[in-house]
Amino acid sequence: MNLFRLAWRNVISNPLNLILSVVLFALGIGLINYLLLVNTQLKDKFDKNLADIDMVIGAKGSPLQMILCNMYHIDNPTGNISIKNAKPFLRPNHPLIKRSVPLSLGDSYKSFRIVGTNHSILELYDGQIQNGKLWTGGLEATIGYAAAQEAGLRMGDQFVSSHGFDDELDMTHDHAKFKVVGILKPTGSVLDQLILVPSAAIWEVHDHSAEAMGKEDHDHDHDHDHDHSGHEHHHHDHHEHVHDNTIEDLLSHEDEEITSILVQFKNRTNFQALNMPRNINENTDLQAASPAIEINRLYSMIGVGTEAIRYLAFLIAFVSALSIFISLFKSLRERKYELALMRVSGGTKGGLLFLILAEGVILAIIGYVVGIFLSHLAMSFTGQFMSRAYRYQFEAWNFGKNELILLVLSIALGMIAALIPAIKASSTDIHKTLSGK
Amino acid sequence: MIHTRDISYSYDNKQFFNFPDIFCKGGEQMLILGQSGIGKSTLLHILGGLLRPKQGEVMIGDVSTNGLTNAALDRFRGKNIGIIFQRNHFLSSLNVVENLMMTQRLSGTNIDRSAAMNILDRLELKHKYDSKTNDLSEGEKQRVTIARALINKPKLILADEPSSALDDKNCEKVISLLDEQAKAINAALVVVTHDARLKNIIPNQIELS
């Protein structure tokens, strides 16, 4: 039996006060921690997927949409661009461009995106093969780690792609079956959730579907140009030709289309490189955007909301400290004889000060523990939602430096809330209290 | 043993109290009688070290409480003085035996659960050791208060109106219990009361006037 245990007993002997203080405290701490969790994990994902990409070139439309679609794979394409127009930026030996990765989007399997591209995409995300081999021609597919896990695809499996990014539409290209020839190691980037196939495979698949669906489908596309941009078709002529998925092969098909090009500059501070997006936007039918700028724009848009929630969280934290203060202060009146009795039994003023501070800290720590638990619970729901909606994986139950900082803050807050009651308790005049004066 | 010399007290220099010298050896009893408002509680609090006299000296054992700092006086009181108040107050979040153990702890003595259980046994409260103090009857509460005053084997036991709420039969019972227990640990027992019934039980008396 010591003062700390007494403090604990005092705290739990008043369940209603306990619940009120803990719930308020947990809400404040939980909300703050949840914001921090979402923020750091989102930033982490976005930063990882920036992959040193300096510029994205695609069809005209919203630059942010283009970035979200082609780099983060969470929005629909702005449209397609012809290889003829894209050619200058895909050419090897471009004086400013170190690496350019052509992407063809539009299809998916179990809502994992099928990306027609060449092997240079692996260099962006440090992708390495875990099983099997890389895609080269025909309908070969090498798939990201998460896509393999969650779509249940294994080596040698065959699957048909569906048009668009949603399975429910029931628009499958069932005449052409992709075959899994390789699975990539996990990278923690967006690469994990992609199904990589040759660029030409996308044309082939759509070639047949265009044929099957007839002219109507083309009209449909033109009528609802932007709304249905996610379902954009790659219309083209027939070719009986073996594609080897090299950049030369791609460039030789000027009439075909791709969705976008991801570009890394040789020197990103080069003046000409810096001006390149503006030049493209002003002088061509293409659109170029800088991911860093667009993502910062996105942050600043979301930022207003998170800022408001953050103030709300601090407000709740303040109210919860206030509730600890009030609950302790109120209990002092009920406990004044007890406290005087402790002094009579040999307890010092310092002992009473410690007792009340300990009660405040205990309340704060319980609130902290509950709040941290709630924030991670909320994070795991968010993670599930994000993984369903965007195929982004979030880690809900990892604990970081923020939690430690919040613990220290919580203890400090509990102490501050308890300070005035503690001082009042320790300065109780025992003679007056006990003689009822 | 307790011994006072020329103690006096005043509230705001208006109400003056001069108290007669008190002398009570270990194992003996003393009754301090007086009507309300005559300074009984004030005297008890001075004897118990809850209040410092304006003048004079209180010796408990061979220690003068004048020479102790406030914190040292708290400790000294915890170790050497057991006080039974008119009204029974406990640490309500703790059970009976924990109240006794907390009293040991607060005085700086080592916690000794078996000693606590022993005292409860002597006061026929052993079966109530894990009850919450709020669930006890008034008689039981008073006996727990007595147990608490005894637990640290003090040199002095002070009782403030211990019999005021009791009928004649229980009054006698409680005083003889106190007397018996104080003798068992060789403590001086000082009872402050206005209850004339106690005159017949404790012969060594001082009347405040």
Side-chain angles (χ1 to χ4, degrees), chain A residues 1-19 21 327-328 330-356 358-360 362-363 366 421 423 425-437, chain B residues 9 11 39-46 48-52 69-95 97-109 111-113 116 132-134 145 148-149 151-152 154 158 160:
Chain A
M1 198 36 59
N2 58 36
L3 284 176
F4 198 78
R5 276 189 60 188
L6 177 63
W8 166 250
R9 289 296 197 80
N10 285 343
V11 164
I12 59 170
S13 70
N14 200 338
L16 283 181
N17 271 346
L18 175 69
I19 288 169
S21 302
S327 116
L328 287 177
K330 196 166 71 77
S331 79
L332 286 189
R333 198 170 305 168
E334 292 154 11
R335 291 192 286 165
K336 63 176 185 176
Y337 287 110
E338 282 192 22
L339 294 169
L341 195 78
M342 289 180 66
R343 293 288 312 282
V344 171
S345 305
T348 55
K349 291 186 170 201
L352 293 198
L353 191 80
F354 174 84
L355 177 75
I356 305 296
E359 290 181 18
I362 286 171
L363 282 171
I366 299 174
I423 290 171
S426 74
S427 56
T428 305
D429 185 324
I430 37 180
H431 163 63
K432 277 188 185 159
T433 304
L434 289 169
S435 54
K437 282 174 187 165
Chain B
Y9 193 81
Y11 290 100
K40 283 200 309 293
S41 292
T42 306
L43 178 60
L44 183 108
H45 286 180
I46 290 171
L50 305 179
L51 200 61
R52 289 179 183 274
T69 62
N70 287 337
L73 182 60
D74 288 335
R75 292 280 180 220
F76 181 83
R77 178 172 61 238
K79 270 202 173 77
N80 297 292
I81 307 172
I83 308 181
I84 296 152
F85 291 100
Q86 198 171 344
R87 277 188 287 169
N88 303 307
H89 298 294
F90 303 97
L91 299 174
S92 55
S93 65
L94 304 181
N95 65 30
V97 71
E98 285 168 343
N99 261 278
L100 297 187
M101 282 154 63
M102 197 68 213
T103 307
Q104 292 174 324
R105 166 80 202 189
L106 285 169
S107 69
T109 355
I111 291 180
D112 183 348
R113 191 187 168 90
K132 279 274 149 78
T133 52
N134 284 340
T145 311
R148 187 173 58 198
I151 184 77
N152 290 328
L158 294 171
D160 189 5

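So you know, we letter chains A, B, ... as the sequences are listed, proteins then strands, and number each from 1.
In terms of non-hydrogen atom pairs under 4.5 Å with chain A, the most contact-rich of B:A149, B:S92, B:P154 is B:S92. Of all the listed residues (B:L50, B:L91, B:T103), the one sharing the greatest number of non-hydrogen pairs under 4.5 Å with chain A is B:L91. Across A:V344, A:N10, A:N14, the residue that shares the most heavy-atom pairs under 4.5 angstrom with chain B is A:V344.
Contact record, A:L355 with A:L3: CD1-O, 3.5 Å, taken as the closest heavy-atom pair.
Under the 3.5 Å distance criterion, with hydrogens and angles disregarded, a donor-acceptor pair is assigned to the side chains of A:R335 and A:S331. Residues B:N88 and B:T145 bring a donor and an acceptor atom of their side chains to less than 3.5 Å of each other.
With a 4.5 angstrom heavy-atom cutoff, A:I12 does not touch chain B via any of its atoms. Interface residue B:L51: only side-chain heavy atoms are found under 4.5 Å from chain A. The contact between B:R148 and chain A is made entirely by side chain atoms (from C-beta outward), counting heavy-atom distances below 4.5 Å. For B:H45, the part lying near chain A is the side chain, with the backbone staying farther off; criterion is any non-hydrogen pair under 4.5 Å. Interface remark: B:F85 contributes side-chain atoms only to the contact with chain A (heavy atom separation under 4.5 Å). Of the atoms belonging to B:R75, heavy atoms from both backbone and side chain fall under 4.5 Å from chain A. When heavy atoms are compared at a cutoff of 4.5 Å, B:I111 approaches chain A solely by way of its side chain, counted from C-beta outward.
In this structure, the side chains of B:I83 and B:D160 stay at 4.5 Å or more apart for every pair of heavy atoms.
Separation of atoms CD1 (B:I151) and CG (B:L100) is listed at 5.0 Å; rounding is to 0.5 Å. Atoms OG and CZ, from A:S345 and B:R77 in turn, are 8.5 Å apart once rounded to the nearest 0.5 Å. Distance check, rounded to the nearest 0.5 Å: CG of B:D74 to CZ of A:R343 gives 4.0 Å.
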